Amino acid sequence: MGYFESYQQTLIQTFPELTSPGVTDVIDVLVSNYLSTRNYTLIATVTNIDKEIVVRLDGSIDGTNFGPMISNTITENGTYPYNVTGFPVGYLRGNFLQETGGTNAVVKFSIAAN
């Protein structure tokens, strides 16, 4: 009987809520010989917003030094998807970068990579 080894083509991770500016845990989106990603979706669900917040998807090649891949200002509660394509990295994290006009916002990030 032949041997078949399956691999995951899309990686999806949802993180715990952030109640103040900060970053999520890092997600490894480059698993050698199994997964090579270059397209990403960041979904930010925001509640209790006062004025505005800035959310970002940060990427890294080495898992230590991160830079912005997607950045957006949100002014209303809701769920917001953002996409970036053709941008290969090894590691990702969600970043609740800043909050203006209050300290009540709650952000929940989900990230998909393929």
Side-chain angles (χ1 to χ4, degrees):
M1 178 175 264
Y3 179 77
F4 175 75
E5 186 170 329
S6 67
Y7 61 93
Q8 192 170 4
Q9 294 179 357
T10 300
L11 183 64
I12 298 172
Q13 179 74 45
T14 298
F15 299 93
E17 293 178 339
L18 295 173
T19 57
S20 63
V23 296
T24 65
D25 288 338
V26 173
I27 182 172
D28 180 353
V29 294
L30 176 63
V31 179
S32 296
N33 299 320
Y34 292 102
L35 183 64
S36 177
T37 63
R38 62 183 62 239
N39 304 308
Y40 309 104
T41 300
L42 173 71
I43 296 179
T45 299
V46 183
T47 56
N48 298 327
I49 198 166
D50 288 312
K51 184 176 179 186
E52 68 181 32
I53 65 166
V54 177
V55 297
R56 218 166 67 179
L57 177 65
D58 292 340
S60 173
I61 290 176
D62 61 10
T64 301
N65 300 298
F66 285 83
M69 296 171 59
I70 302 169
S71 184
N72 241 310
T73 299
I74 298 172
T75 59
E76 295 181 14
N77 292 327
T79 299
Y80 301 88
Y82 305 104
N83 301 304
V84 62
T85 60
F87 205 146
V89 295
Y91 305 90
L92 296 170
R93 68 182 183 194
N95 187 339
F96 175 3
L97 187 64
Q98 68 185 40
E99 182 174 11
T100 304
T103 58
N104 296 319
V106 175
V107 180
K108 184 170 187 130
F109 287 115
S110 295
I111 296 174
N114 69 6

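Because the structure is predicted, anything quoted here is derived from the model rather than measured.
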#### Entry: Which residues share a side-chain hydrogen bond (donor to acceptor under 3.5 Å, both in side chains) with T75, sequence neighbours left out
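Per chain and number, T75 pairs via side-chain hydrogen bond (donor to acceptor under 3.5 Å, both in side chains) with no residue.
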### Query
Can you name the side-chain hydrogen bond (donor to acceptor under 3.5 Å, both in side chains) partners of T79, sequence neighbours left out?
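Per chain and number, T79 pairs via side-chain hydrogen bond (donor to acceptor under 3.5 Å, both in side chains) with T45.
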In residues 18-25, what donor-acceptor pairs under 3.5 Å come from side-chain atoms, sequence neighbours left out?
| from | atom 1 | to | atom 2 | distance (Å) |
| --- | --- | --- | --- | --- |
| T24 | OG1 | G94 | N | 2.9 |

According to a hydrophobic-cluster definition based on side-chain heavy atoms being under 4.5 Å apart (Ile, Leu, Val, Met, Phe, Trp, Tyr only), do [X] and [Y] belong together?
X   : Y   : value
F66 : M69 : no
L11 : F15 : yes
I12 : I43 : no

## Note on the structure
Hits for side chain to side chain contact (heavy atoms under 4.5 Å, CB included) against L97, two or more places apart or cross-chain, chain-then-number order -> V54, R56, N95
### Query
I111 and I27: which non-hydrogen atoms are nearest, and at how many Å?
CD1-CG2, 4.5 Å
#### Entry: Shortest non-hydrogen contact between D62 and S60, atoms and distance
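Minimum heavy-atom contact is OD1-OG, 3.0 Å.
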### Task
Taking the side chain as every heavy atom from C-beta outward, state whether Y80 and N72 have any atom pair closer than 4.5 Å.
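When only atoms from C-beta onward are counted, N72 and Y80 do not touch, as no gap falls below 4.5 Å.
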### Query
How many angstroms lie between atom OG1 of T100 and atom CD of E52, to the nearest 0.5 angstrom?
4.5 Å
Just list the side-chain donor-acceptor pairs under 3.5 Å for residues 82-92, sequence neighbours left out, or say none.
| from | atom 1 | to | atom 2 | distance (Å) |
| --- | --- | --- | --- | --- |
| N83 | OD1 | T41 | OG1 | 2.7 |

### Query
Pairs in or reaching into residues 83-99: which pass salt bridge (Lys or Arg N to Asp or Glu O under 4.0 Å), with residues at least two apart or in two chains?
D58-R93
### Query
Taking only residues at least two apart or on different chains, which pairs with a member in residues 70-91 satisfy salt bridge (Lys or Arg N to Asp or Glu O under 4.0 Å)?
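Sorted result for residues 70-91: empty, none.
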#### Entry: Hydrophobic cluster (4.5 angstrom, side-chain heavy atoms) - remaining members for I61
none
Let me have the donor-acceptor pairs involving side chains of residues 103-110, under 3.5 Å, with sequence neighbours excluded, atom names and distances please.
| from | atom 1 | to | atom 2 | distance (Å) |
| --- | --- | --- | --- | --- |
| N104 | ND2 | D50 | OD1 | 3.4 |
| N104 | ND2 | D50 | OD2 | 3.3 |
| S110 | OG | T14 | OG1 | 2.9 |

